[in-house]
Amino acid sequence: MNNQLNGPGKILIVGGGTAGWMTAMLLAKAWPGTPSEICLLESSDIGIIGVGEGSTPKMRRFFDGLDIPESQWMPACNATYKCGIRFPQWSTRKGYKSYYHPFFSIHDDSTVRAFANSVAHRRANIDVPAHPDAFFVSNHLANDELAPKPDPELEYQSEYAYHFEAGLIGRFLQERAIASGVTHLIDTVTAVKQHDNGDIARVETKDRGSIAADFFVDCTGFASVLTSKTLGVPFLSYKDTLFNDRAVALPTPLDGRSLPSQTISTALKYGWAWKIPLSNRFGNGYVYASDYIDADGAERELREHIGLNDDSVTARHLKMRVGRVESSWNGNCLAVGLSQGFIEPLEATALMIVQDTVENFITRFTEGHFTDKYRAEFNVKINLIFDSIKDYIFMHYKLNSRNDTNYWVDNRENTHVSDSLRQILDVWDSGGDMLGELRRQGPRLAYSPTSWFCILAGMGRFPRKPKKAKRNTQVSDPDELRRYCEKIVRHFPGHRDTIDAMRAAS
Ligand SMILES: Cc1cc2nc3c(=O)[nH]c(=O)nc-3n(C[C@H](O)[C@H](O)[C@H](O)COP(=O)(O)OP(=O)(O)OC[C@H]3O[C@@H](n4cnc5c(N)ncnc54)[C@H](O)[C@@H]3O)c2cc1C
């Protein structure tokens with residue numbers, strides 16, 4: 001690595017999927033102009049994965065940080081708003097057959113406290129309404145197909161994310177990155193050459209010969225050409241906790257003028273199906289475990305689930321490498337995106353990790369004066385992000401109460417539970433100080449205490465046969481909460497109208 005330069009030197013990003021172009025944009029913004037020279041090389045023979053239509057609120061920060069307004073990128077990517085995720089059929093418990101994981105807003109403060117109070121009573125075996133759906137404005141926005149963009153008069157800001165077409169977002173970012181000075185090369189890497197110290201020296205390509213650089217970013221997807229194949233960085237599989245390793249995807253048309261503003265993630269027999277509303281179609285897919293069902297069976301089950309009997313619509317079948325590399329930053333090479341790891345897409349976290357990885361890298365690399373001084377700390381942090389998201393995703397499976405297939409029983413009975421999760425479950429089940437426990441574990445948890453409360457309460461993890469509440473039990477009245485939420489959502493516009501207006505103006 002050229003440490004003498006007043007910058008990171010020449011950077012070669014290998015891979016032009018969403019991860020590659022997001023990385024290019026973030027690096028170009030952080031280190032504009034010379035002597036930094038950012039080049040992105042992608043193969044025309046090897047396609048991008050082309051799925052990944054959901055996001056987390058961090059995606060807002062990505063576009064805001066680049067000063068790209070929604071009115072520019074959303075129409076170009078057939079994007080819609082996402083208020084949260086609904087999870088039907090994960091639990092069979094009466095009253096808990098579906099729940100909604102909202103994106104929270106600081107304005108939910110009062111209802112969050114009401115929720116925590118009701119949950120505390122219900123955990124103490126008192127029969128009060130404690131299903132999270134009643135407590136959050138976001139749930140009402142999603143149910144009413146509203147856009148999370150209130151009229152400016154209202155002092156309530158709703159947190160939100162987006163849905164978008166995977167191929168289009170890469171293309172949009174590509175245009176922007178090239179316009180901001182990133183060099184774009186098309187060729188296939190056939191070999192990678194290393195220096196004596198193990199650092200990467202150059203890549204050999206099919207048509208252009210050698211391309212050397214000071215620093216390399218591996219965005220080659222599941223192939224992980226630089227990190228796994230060249231540097232031999234060990235891959236730590238999550239298979240013992242996350243069984244799903246395949247997916248099948250199928251588009252369907254929208255239902256007339258209806259345009260939902262939520263992702264729906266429905267548990268099926270051997271995994272779960274996503275339904276993601278884009279401005280021009282639904283994206284659907286079934287994420288499943290190949291140890292339990294084969295590809296044909298999964299496609300049949302998905303078609304049945306979405307009511308698609310039209311064989312002319314062809315399905316895409318995908319394999320997933322679920323887990324993470326032992327370290328994302330190795331010598332003069334940073335792995336970003338699927339090349340560094342992947343957690344199945346239940347909470348749509350992959351692009352959030354891309355952003356976290358690149359932003360943390362920029363900070364640590366700059367602080368270390370463009371050396372690898374803080375590499376070890378960086379790797380610990382990124383690994384923690386991966387492992388803590390994995391824990392939260394696994395919780396969905398651990399809490400399921402389905403008995404229709406071995407898949408669900410095996411998931412529930414899975415004993416590969418991390419110490420962190422075991423502690424959370426113990427404290428919850430024993431009626432202990434849950435908030436205290438979550439705060440104690442705070443730095444190593446990817447999700448907020450409210451998200452943990454939502455999943456545990458939403459799946460109905462409560463003592464059976466609760467006692468009737470006494471008349472003086474102090475919990476919020478569900479009708480009052482509903483009225484409060486309804487009063488607020490009146491200030492939000494329809495999702496379909498908002499998206500149509502944005503597209504018409506673009
Ligand atoms: C079923 C499924 C659902 C998903 N859902 C979501 C979701 O809802 N939300 C979310 O955030 N993420 C989701 N993801 C993850 C998301 O798709 C990826 O994180 C994202 O698309 C980034 O992929 P990538 O750029 O790392 O890899 P890819 O898109 O695979 O790109 C790899 C790039 O590397 C290049 N390349 C490979 N080998 C070579 C070579 N030898 N020489 C030159 N170039 C090479 C290819 O040409 C390509 O440009 C999902 C993934 C799957 C599998």
Side-chain angles (χ1 to χ4, degrees), residues 12-24 39-59 62 82 85 161-171 173-174 184-192 203-208 211 216-230 244-250 263 265 271-276 278 283-288 298 302 315-322 328 335-358 389 393:
L12 181 67
I13 300 167
V14 185
T18 313
W21 289 112
M22 282 178 75
T23 303
C39 183
L40 186 145
L41 169 72
E42 66 173 318
S43 168
S44 55
D45 302 335
I46 304 164
I48 61 165
I49 188 121
V51 284
E53 299 170 333
S55 62
T56 69
K58 202 168 168 82
M59 203 68 178
F62 174 76
K82 172 178 174 183
I85 310 176
Y162 310 101
H163 307 109
F164 41 75
E165 206 161 316
L168 295 182
I169 201 160
R171 211 174 301 158
L173 293 174
Q174 173 184 330
H184 184 203
L185 302 175
I186 298 189
D187 209 335
T188 303
V189 172
T190 50
V192 182
V203 296
E204 302 292 340
T205 62
K206 215 166 87 180
D207 300 323
R208 288 169 190 272
I211 304 176
F216 293 80
V217 187
D218 182 355
C219 294
T220 56
F222 286 134
S224 197
V225 174
L226 307 186
T227 306
S228 296
K229 294 212 173 107
T230 303
N244 298 340
D245 58 355
R246 298 278 195 283
V248 49
L250 274 165
T263 299
S265 298
W272 60 276
W274 77 77
K275 182 171 189 181
I276 288 187
L278 304 176
N284 308 279
Y286 184 9
V287 177
Y288 63 93
L302 177 63
R316 284 197 61 207
H317 288 268
L318 299 141
K319 287 186 182 167
M320 306 186 300
R321 186 179 79 141
V322 177
S328 291
V336 181
L338 300 176
S339 68
Q340 71 180 140
F342 181 55
I343 298 168
E344 62 136 287
L346 189 55
E347 293 274 352
T349 45
L351 297 179
M352 179 178 89
I353 300 178
V354 165
Q355 216 178 322
D356 273 335
T357 301
V358 181
I389 292 175
I393 300 298

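Atoms within each ligand, like the ligands themselves, are counted from 1 in listed order. As a basis for the values below, the full set of heavy atoms in this structure was taken, side chains included, without hydrogen atoms, waters or symmetry mates. What you see is a predicted model, and the numbers here were worked out from it, not measured in a lab.
For C219, the heavy-atom gap to ligand 1 drops under 4.0 angstrom. Taking 4.0 Å as the cut-off, W21 does not count as a neighbour of ligand 1 on heavy-atom distance.
Shortest non-hydrogen contact noted between R321 and S228 is NH1-OG, 3.2 Å. Pairing each heavy atom of D218 with each of L226, the nearest pair is OD2-N, 3.1 Å. Here the closest non-hydrogen pair linking S265 and I85 is OG-CG2, 3.5 Å. Across all non-hydrogen atoms, the minimal contact from V225 to T220 is N-OG1, 2.8 Å. Between G283 and E53, the closest heavy-atom pair is CA-OE1, 3.4 Å. Looking at every heavy atom in both residues, T227 comes nearest to A335 through OG1-CB, 3.3 Å.
Using a 4.5 Å heavy-atom threshold, the side chains of L185 and T205 count as separate. For the pair I49/F222, a side-chain contact is recorded, criterion being any heavy-atom separation below 4.5 Å from C-beta on. Within the 4.5 Å cutoff, the side chain of I276 has no heavy atoms near those of the K82 side chain. Side-chain contact between F216 and V203 is present, with at least one heavy-atom pair separated by less than 4.5 Å.
Heavy-atom proximity to G54, at under 4.0 Å, picks out these atoms of ligand 1: 7 (C), 8 (O), 9 (N), 10 (C), 11 (O). Residue contact check: E42 has heavy atoms under 4.0 Å from atoms 44 (N), 49 (O) of ligand 1. The atoms of ligand 1 that sit less than 4.0 Å from any heavy atom of V189 are 40 (C), 41 (N), 42 (N), 43 (C). Close contacts between ligand 1 and D187 involve ligand atoms 43 (C) [criterion: under 4.0 Å to a heavy atom]. Of all the atoms in ligand 1, the ones that sit under 4.0 Å from a non-hydrogen atom of A19 are 22 (C), 24 (P), 25 (O), 26 (O). Atoms of ligand 1 found under 4.0 Å from any heavy atom of T18 (numbered from 1 in listed order, with element): 21 (O), 25 (O). Ligand 1 places these atoms under 4.0 Å from at least one heavy atom of G337: 26 (O). Proximity to E53 (heavy-atom distance under 4.0 Å) selects the following atoms of ligand 1: 7 (C), 8 (O).
One option in A161, G15, A249 has a heavy atom closer to atom 35 (C) of ligand 1 than any other, and that option is G15.
Atom 45 (C) of ligand 1 has as its closest protein heavy atom S43 CB, 3.9 Å. The closest protein non-hydrogen atom to atom 38 (N) of ligand 1 is I46 CD1, 3.5 Å. At the top of the distance list for atom 1 (C) of ligand 1, counting protein heavy atoms only, stands A247 CB, 3.5 Å. Nearest protein heavy-atom neighbour of atom 27 (O) of ligand 1: G221 CA, 3.5 Å. The protein heavy-atom contact nearest to atom 51 (C) of ligand 1 is F342 CZ, 3.2 Å. Of the protein's heavy atoms, V51 CG2, 3.5 Å lies nearest to atom 2 (C) of ligand 1. Nearest protein heavy-atom neighbour of atom 29 (O) of ligand 1: I49 N, 3.0 Å. Protein heavy atom in closest approach to atom 11 (O) of ligand 1: L351 N, 2.9 Å.
For the side-chain contact (heavy atoms from CB on, under 4.5 Å) criterion with D187, the lone passing option out of E42, E204, K206 is K206.
Inclusion of S339 in the set of residues having an N or O under 3.5 Å from an N or O of ligand 1 is not warranted. Checking only distances, G16 does come within under 3.5 Å of ligand 1, N or O to N or O. An N or O contact shorter than 3.5 Å links L338 to ligand 1 by distance.
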- Criterion side-chain contact (heavy atoms from CB on, under 4.5 Å) on E344 and W272, from CA distance to verdict: CA-CA 11 Å; E344 62 136 287; W272 60 276; 2.8 Å; yes
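Two rings, from F164 and Y162, have their centers 6.0 Å or more apart.
At a heavy-atom cutoff of 4.0 Å, ligand 1 is contacted by the side chain of P345 but not by its backbone.
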What side-chain donor-acceptor pairs closer than 3.5 Å can you find for residues 13-22, not counting sequence neighbours?
unit_1	atom_1	unit_2	atom_2	d
W21	NE1	G16	O	3.2

